[in-house]
Amino acid sequence: MADQSSAAPYVNSVLHAVRILELYAAQRRESLSLTEISRALSLHKTTVYRILRTLQHAGWIEQSEKSGQYRLGTGILMVASAVSVHNTVKDLITEALNDLSNRFNETVVISTLLGHQGVCVDMVQSRHRLSVMGHKGYIVPLHIGASGKMLLAMQNESLRDMLIGELLTEKTERRILKNQLLTILQDGYAVSRGEVDEGVAAVAVPLHLGQNGYVISLSGPEMRLETIGFSRIRDTLLKTVRNLEQKGRMLKP
């Protein structure tokens with residue numbers, strides 16, 4: 001019997017949607033306009049608009065209210081994050097996050113860079129009533145906060161400079177951020193106090209697993225973290241990362 005799957009018709013609208021999503025990786029830009037997408041893919045604006053509206057409804061594309069341009073949404077970032085960590089390694093990470101959260105009873109997050117955006121791959125919530133809220137797949141700002149700055153600092157210099165240029169327009173702000181990132185690289189960890197949310201502090205450290213780079217952070221109300229001790233949190237996170245990287249090297253590819 002002939003293979004009927006090879007003769008099955010393709011759904012052009014789905015193929016066009018895939019091409020639009022792939023365009024963001026090829027362009028290496030966070031946001032694209034309707035006209036830019038239409039020209040790059042040689043598709044009519046009406047066709048592109050309908051597909052973008054559908055992707056937006058599904059949460060895979062978001063539209064900026066200010067510029068009207070389109071960027072990848074949390075829906076596709078959550079799908080990407082699900083495959084960004086190998087299952088066996090993911091089990092190790094999940095165990096480590098739970099251990100950290102149980103030890104300090106604060107929110108622990110692992111994040112990575114997908115495209116030009118930081119994204120939460122996984123997290124364990126604090127059991128305190130007053131705690132840092134979030135969800136898997138949320139966008140991690142790269143220019144503020146311990147997690148974002150650590151993610152940004154650990155990228156290669158050319159990508160780091162490109163991202164800084166996209167994030168900040170003022171030369172003074174760029175220079176200040178670059179100096180902060182150099183300090184973070186030298187220290188091997190990042191600490192933030194009230195940068196993302198008032199009264200919230202965080203400690204973040206880099207995690208290297210094969211060719212993939214991640215950041216593990218612990219965050220909570222600043223006063224609670226001060227009571228625990230920032231140096232204690234930092235040392236525990238660094239020890240956790242060393243153990244994870246050692247176990248990761250032992251896993252079969």
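Note that this is a predicted model, so its numbers are computed, not measured. Along the sequence shown, residues are numbered consecutively beginning with 1.
The 12-atom threshold is exceeded at CZ of R71, counting heavy atoms of other residues, nucleotides or ligands nearer than 6.0 Å.
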- Message: Let's go through Y214 and I110 carefully: what are the C-alpha distance in whole Å and the side-chain angles of both, what is the deciding distance for side-chain contact (heavy atoms from CB on, under 4.5 Å) to 0.1 Å, and is it a yes or a no?
- Response: CA-CA 7 Å; Y214 304 93; I110 180 168; 3.9 Å; yes
- Message: side-chain contact (heavy atoms from CB on, under 4.5 Å) for L100 and I216? Distances and angles first, verdict last.
- Response: CA-CA 10 Å; L100 287 168; I216 292 182; 4.1 Å; yes
- Message: Set out, in order, the CA-CA distance, both residues' side-chain angles and the distance that settles side-chain contact (heavy atoms from CB on, under 4.5 Å) for R103 and T236, then state yes or no.
- Response: CA-CA 10 Å; R103 176 175 298 192; T236 304; 3.2 Å; yes
- Task: Check the pair D122 / I93 against side-chain contact (heavy atoms from CB on, under 4.5 Å), numbers first and verdict last.
- Result: CA-CA 9 Å; D122 202 359; I93 292 175; 5.7 Å; no
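Hydrophobic clustering (ILVMFWY, side-chain heavy atoms < 4.5 Å, transitive): L163 and I176 are in distinct clusters. No continuous path of ILVMFWY side-chain contacts below 4.5 Å connects V196 to V119, so the two sit in separate hydrophobic clusters. Criterion: ILVMFWY side-chain heavy atoms under 4.5 Å apart, direct or through other members. Under it, F230 and L218 are part of a common hydrophobic cluster. Note: the hydrophobic cluster containing L167 also contains M154 (ILVMFWY, side chain heavy atoms under 4.5 Å, direct or indirect links). Under the 4.5 Å side-chain heavy-atom criterion for Ile, Leu, Val, Met, Phe, Trp and Tyr, I144 and M150 are members of distinct hydrophobic clusters.
Not a single donor-acceptor pair under 3.5 Å links the side chain of E62 to the backbone N or O of G73. Between the Q63 side chain and the G68 main chain, a donor and an acceptor come within less than 3.5 Å of each other. Distance alone, capped at 3.5 Å, places no donor-acceptor pair between the D187 side chain and the Y189 backbone. With hydrogens and angles ignored, the 3.5 Å screen pairs no side-chain donor or acceptor of T47 with any backbone N or O of L43. Side chain of D197 to main chain of V200: no donor-acceptor pair is present (N/O by atom type, distance under 3.5 Å, no hydrogens or angles). Side chain of S101 to backbone of T107: no donor-acceptor contact under 3.5 angstrom is found.
Residues E106 and S219 approach most closely at CB-O, 3.5 Å, considering heavy atoms. In terms of heavy atoms, V140 sits closest to S111 at CG2-CB, 4.0 Å. For the pair L237 and V203, the tightest heavy-atom approach, listed with the atom from each and the gap, is CD1-O, 3.5 Å. Shown here for Q117 and L72, the closest heavy-atom pair between the two residues is OE1-O, 3.8 Å.
You'll find the side chain of R193 reaches within 4.5 Å of the side chain of E226, heavy atoms only. Side-chain contact between V215 and T112 is absent, with no heavy atoms from C-beta onward closer than 4.5 Å. Within the 4.5 Å cutoff, side-chain heavy atoms of L55 are placed close to those of L21. Side chains of E36 and Q69 form a contact here, defined as non-hydrogen atoms less than 4.5 Å apart. Counting heavy atoms from C-beta on, the side chains of M123 and V108 never come closer than 4.5 Å. With contacts defined as side-chain heavy-atom distances shorter than 4.5 Å, the pair R160/L181 qualifies. D99 is not listed as a side-chain neighbour of T240, based on a closest heavy-atom distance of 4.5 Å or more.
Here the straight-line distance linking atom CG of L34 with atom CZ of R39 works out to 10.5 Å at 0.5 Å rounding. Taken from CG in L185 to CD in E157, the straight-line distance is 10.0 Å, to the nearest 0.5 Å. N212 contributes atom CG, which lies 9.5 Å from atom CG of L207 (distance to the nearest 0.5 angstrom).
Counted by atom type alone, E166 and H116 present one or more donor-acceptor pairs between their side chains at under 3.5 Å. Side-chain contact check for K149 and S192: no donor-acceptor pair (N or O, by modelled atom type) lies under 3.5 Å.
With side-chain heavy atoms closer than 4.5 Å counting as contact, directly or through intermediates, M223 stands alone and belongs to no larger hydrophobic cluster.
For the pairing with R174, the side chain to side chain contact (heavy atoms under 4.5 Å, CB included) check across N179, I164, D161 returns one residue only, I164.
Salt-bridge annotation for R175 and E170: absent, with no side-chain N of the basic residue lying under 4.0 Å from a carboxylate O of the acidic one.
A cation-pi contact, defined as under 6.0 Å to the ring centre and within 45° of the axis, is absent between R232 and F104.
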